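Structure first, then comments.
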Number of protein chains: 2
Amino acid sequence: MSPFDINRIRELGPAVSNESVEREPGPSPCGACSVRHLTFCAPMAEDELGHVSKIVSTIELHPGDPLFDEGEPADSVYSVTAGAVKVYKLMPDGRRQVIGFLFSGDFMGLAHNDMYAYSAEAITHSAVCRFPRKKLEQLLERFPKMERRLLGMASHELAAAQEQMLLLGRKTAKEKIASFLLHLSKRAEARGQNPNPIAVPMSRTDIGDYLGLTTETVSRTFTQLKTSHLISLQPANKVELVDLQALRDIAEGA
Amino acid sequence: MSPFDINRIRELGPAVSNESVEREPGPSPCGACSVRHLTFCAPMAEDELGHVSKIVSTIELHPGDPLFDEGEPADSVYSVTAGAVKVYKLMPDGRRQVIGFLFSGDFMGLAHNDMYAYSAEAITHSAVCRFPRKKLEQLLERFPKMERRLLGMASHELAAAQEQMLLLGRKTAKEKIASFLLHLSKRAEARGQNPNPIAVPMSRTDIGDYLGLTTETVSRTFTQLKTSHLISLQPANKVELVDLQALRDIAEGA
DNA sequence: ACGCCGCCTTGATCTGCGTCAACACGTCCA
DNA sequence: TGGACGTGTTGACGCAGATCAAGGCGGCGT
C-alpha cells in the first residue's frame, strides 16, 4: 500500500515541486493532487491537463479544521487528495446530519445555487485541491467534455444519496452499521486500499450522525456485531469484517 | 372525471403536434410535453428544439401504472409532463423507501450505470416524455451545452436529496410532516400552481414511505396539526396551510 | 341501491432506540 | 506523577413511534 507513486504527472502550475513527495499515510498535497487531477478529469488530453493544473491550489487540513460552512458563498469546488473529510448539515438546535465522508478522489462543493449546501471539516490530517469556480467554468467552456465527467460524478453521488435515504428511512440500527461497514470497505477497495481490516477514522458520534443514530447505539451495535463474531475491533481504529456474507445479509435486511 | 380515456399508452412518434393544447388541470401530453422540452432544455435555439422534438415520445399513465423497475436496463430518461409519479426503492422483505415525488417538469432516470436505481409508478393519471438514452446522447454530442443544463438539474436533485437525509435522519414526525407540506407548497408554486390549498395526491402510505414513518403516524400527525389549527384538511385531498410561520418554525426544529 | 374494497382514522399496547448516568481508558500537559 | 479531558463502553430507564386491532367512510361496479 504505497500511497502515491508519482511519476504520473508533474505539476506545471504554481506551487509545484516535482520532487517533494511524501510516502507517508499523512497528506502529500502536490503529488496526490496531481493524481487527483487525472481522476477528476481523466481521460484528458495534454493541453487540457496543462490548463487544469494551472487553476488548482492545494490546502492542507488538520483534524477538526473547517474547510467551509453551509450558507457561505460557494466560490470553489474541492477534491480530496488525502485523508478523510466529513460534510454535514446542522439544525438550529444543534442536531447534526452527516451527509457523507470523503476520501481521496472524492469531490465536494457542487452547489446548485451560489451557496454551499453543507459544511465541510477534516476528520484526519488531510489535503484537498481547490478549484476556483470561476476558473473552472472558463475551463468547462473551453473543454465541454469535462461536463460529462462532472455529470457522471453528480449522478453517482445522487445514486449514493438515494441509497442512503433507504438506509436512513427504513433500516434498523444493525442493518445501518452493517451497510456502513460494507460501504467503507467497498470504497477503500475502489481507491486501492485494503478493503478488509478497514480504517474507520471517524468518531462514533460522526458515525451516529451519518446513520441517524446516537453514539451509544453505534457503540452497542458494534459490540453486538463483535460478540456475534461478524466483525473484530482492532487497534488504531481498524475493523475487520470477519463474516462478510453475514454482514451482507444483515445489510440487505435478509 | 376522466379527462382522457383513450388508449392507454399512446406513442406520439417524432412529430409533436402543435395544435392540441389542453386547458384542463388534467394531463395534456402533447402540449405539455412541448412545453417540457423547453423547460428541460431551455433556453434552446430553434434548430435544437427541432432535434429534441424528434426523439421524444409521450406516454400516458394511469394511477398505479408502473413505468420502470429498479434494476432494469436504463435505456431512457423521462420527464413528467402532467400528473404525479413516485419513485421508490424496495428491500427484499418489502420495506419501501419513496425517494421522491415527481410532478410536471421533473425528470428521472439519470442512472450512473446502466440500470435504474429505483422503480417509478404513476400516482395519478399522468403523462411522461420519454427520451431514449442513445438518441439523447447523440444530441448531447451535438449540443454540448445541454450537458450543463443536465448538470444543473442533477446538482439540484443532489441538494434536495441531502436535505431529505437531514429530514430522515434527524427530524421528528411532526417536523417531517411540516417540512413535507411546505416542500409540496414550494414546488407547486414553482410550477405555477396554487401554493396554498395544496394538492396532496399521494396516499398516507406513500407519504409515510417517503418520510420514514408508518401510515398511522402520518395520519395521527396530520390530525394533530389540524387540531392545533396549523393546517386544515379539505375535500379532494387538498390541505390548507393555515399558519405558515408556525409550520416553518416546526419544520426547522425551532 | 347495495355491498364490497381501499384508504383513512383512532385506540391500546409494545419496543427499539434515545436519554441519562457512570465509568474505563488513553493522551496531554503541568 | 497526577489530574483533566476527550472518546468509547455499558447499564437503567423512558418515550416516540411502530405494531396490532377495530371501525368509519367514500367510490365503484353490478
Side-chain angles (χ1 to χ4, degrees), chain A residues 62-64 86 91 93-97 121 123-125 167-178 180 200-228 231-239 250 253, chain B residues 1-2 5 62-64 84 86 91 93-98 121 123-125 167-178 180 199-228 231-239 250 253:
Chain A
H62 293 267
K86 67 185 173 200
M91 291 179 65
D93 63 359
R95 274 176 283 173
R96 202 165 60 117
Q97 178 66 38
E121 182 183 313
I123 292 174
T124 65
H125 196 187
L167 179 148
L168 289 168
R170 289 302 181 211
K171 290 190 181 178
T172 66
K174 207 159 149 187
E175 290 164 355
K176 286 175 176 181
I177 296 286
F180 172 67
V200 182
M202 63 290 288
S203 69
R204 297 286 185 262
T205 303
D206 286 341
I207 297 173
D209 285 346
Y210 181 57
L211 301 178
L213 300 171
T214 59
T215 95
E216 293 93 331
T217 299
V218 171
S219 184
R220 275 188 255 269
T221 308
F222 266 99
T223 57
Q224 192 185 339
L225 291 176
K226 185 181 62 181
T227 307
S228 320
I231 64 173
S232 134
L233 303 181
Q234 300 182 354
N237 289 320
K238 289 239 189 305
V239 176
I250 290 175
Chain B
M1 56 103 99
S2 63
D5 28 38
H62 291 265
K86 66 184 172 199
M91 293 179 64
D93 63 0
R95 275 177 283 174
R96 201 165 60 119
Q97 178 66 38
V98 169
E121 182 183 313
I123 293 175
T124 64
H125 198 184
L167 180 148
L168 289 168
R170 288 302 179 213
K171 291 190 181 177
T172 66
K174 207 160 150 186
E175 291 164 355
K176 286 175 176 181
I177 296 286
F180 172 67
V200 182
M202 63 290 289
S203 70
R204 297 288 185 263
T205 303
D206 286 340
I207 297 173
D209 285 346
Y210 180 58
L211 300 177
L213 301 171
T214 59
T215 96
E216 292 94 331
T217 298
V218 171
S219 183
R220 274 188 255 270
T221 308
F222 265 99
T223 57
Q224 192 184 340
L225 291 176
K226 185 181 64 183
T227 307
S228 321
I231 65 173
S232 135
L233 303 182
Q234 299 182 355
N237 289 321
K238 289 242 189 304
V239 176
I250 290 176

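Note that the structure is predicted; figures quoted are calculated from it, not measured. Quick note on labels: first sequence line is chain A, next is B, and so on, each numbered from 1.
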Next on the checklist: What is the separation between atom CG on B/L225 and atom P on C/dT9, rounded to the nearest whole Å?
Outcome noted: 12 Å
Next on the checklist: For D/dA18 and B/T217 - does any side-chain N or O of the residue sit under 4.0 Å from the phosphate oxygens OP1/OP2?
Outcome noted: yes
Interface polar pairs with nucleotides 28-30 of chain D, N/O, under 3.5 angstrom:
none

Checklist entry - To the nearest 10 degrees, how far apart in direction are the end axes of the helix from C/dA1-D/dT30 to C/dA30-D/dT1, each fit to five base pairs? => result 30°
Item to check | B/A84 versus B/T124, closest heavy-atom pair with distance | outcome: N-OG1, 3.0 Å
Checklist entry - Between CG of A/L167 and CE of B/M91, what distance do you get to the nearest 0.5 Å? => result 8.5 Å
Next on the checklist: Just to verify, what does A/K86 make a salt bridge (Lys or Arg N to Asp or Glu O under 4.0 Å) with, not counting sequence neighbours?
Outcome noted: A/E121, A/D206
Checklist entry - If every non-hydrogen atom of B/I207 is compared with every non-hydrogen atom of B/M202, which pair is closest and at what distance? => result CG1-CG, 3.5 Å
Next on the checklist: On DNA chain D, does the nearest nucleotide to B/K174 precede the nearest nucleotide to B/E216 from the 5' side, or the other way round? Give the residue.
Outcome noted: B/K174
What are the atom names and distances for every N/O pair under 3.5 Å that joins the protein to nucleotides 12-14 of chain C?
{"residue": "C/dA12", "atom": "N6", "partner": "B/R220", "partner atom": "NH2", "Å": "3.4"}

Checklist entry - Between C/dC25 atom C1' and A/L233 atom CG, what is the distance in whole Å? => result 15 Å
Item to check | Where B/E175 and B/K171 come nearest, the two heavy atoms and their spacing | outcome: OE1-CA, 3.3 Å
Next on the checklist: Please determine whether a side-chain nitrogen or oxygen atom of A/T215 lies at a distance below 4.0 Å from atom OP1 or OP2 of D/dT9.
Outcome noted: no
Checklist outcome for this item: Note: B/D93 and A/G253 closest approach over all heavy atoms is OD2-O, 4.0 Å
Checklist outcome for this item: Judged by nearest nucleotide, the residue sitting upstream toward the 5' end of DNA chain C, A/V218 or B/T223, is B/T223
Please tabulate, one pair per line, each protein N/O and nucleotide N/O from nucleotides 4-8 of chain D that are separated by under 3.5 Å, including the distance.
{"residue": "D/dG8", "atom": "OP2", "partner": "A/R204", "partner atom": "N", "Å": "3.1"}

Checklist entry - Could you give the distance from CG (A/L213) to OG1 (A/T221), rounded to the nearest 0.5 Å? => result 6.5 Å
Checklist outcome for this item: Rounded to whole Å, the CG-P distance (B/L168 to C/dC17) equals 16 Å
Next on the checklist: Measure CZ/A/F222 against C1'/C/dC17 and give the value in whole Å, please.
Outcome noted: 17 Å
Checklist entry - What is the minimum heavy-atom distance between A/I123 and A/P201, and which atoms define it? => result CG2-O, 3.5 Å
Checklist entry - Rounded to whole angstrom units, what separation is found between the CD atom of A/Q224 and the P atom of D/dT10? => result 12 Å
Item to check | Close side-chain approach of A/T227 to A/Q224, heavy-atom, < 4.5 Å | outcome: no
Checklist entry - Quick one: CG on A/L168 to CZ on B/R170, what's the gap to the nearest 0.5 Å? => result 9.0 Å
Checklist outcome for this item: In B/R96, B/Q97, B/R204, the residue satisfying side-chain hydrogen bond (donor to acceptor under 3.5 Å, both in side chains) with B/D209 is B/R96
Checklist entry - Counting only N and O atoms by type, is there a donor-acceptor contact under 3.5 Å from the side chain of B/S219 to the main-chain atoms of B/T215? => result no
Checklist entry - So, do B/T172 and A/R95 sit near enough that their side-chain heavy atoms are less than 4.5 Å apart? => result yes
Item to check | Contacting residues from residues 206-214 of chain A, given that a heavy atom lies under 4.0 angstrom of DNA chain C | outcome: A/G212, A/L213, A/T214
Item to check | For B/A178 against B/I250, the heavy-atom pair lying closest together | outcome: CB-CG2, 3.8 Å
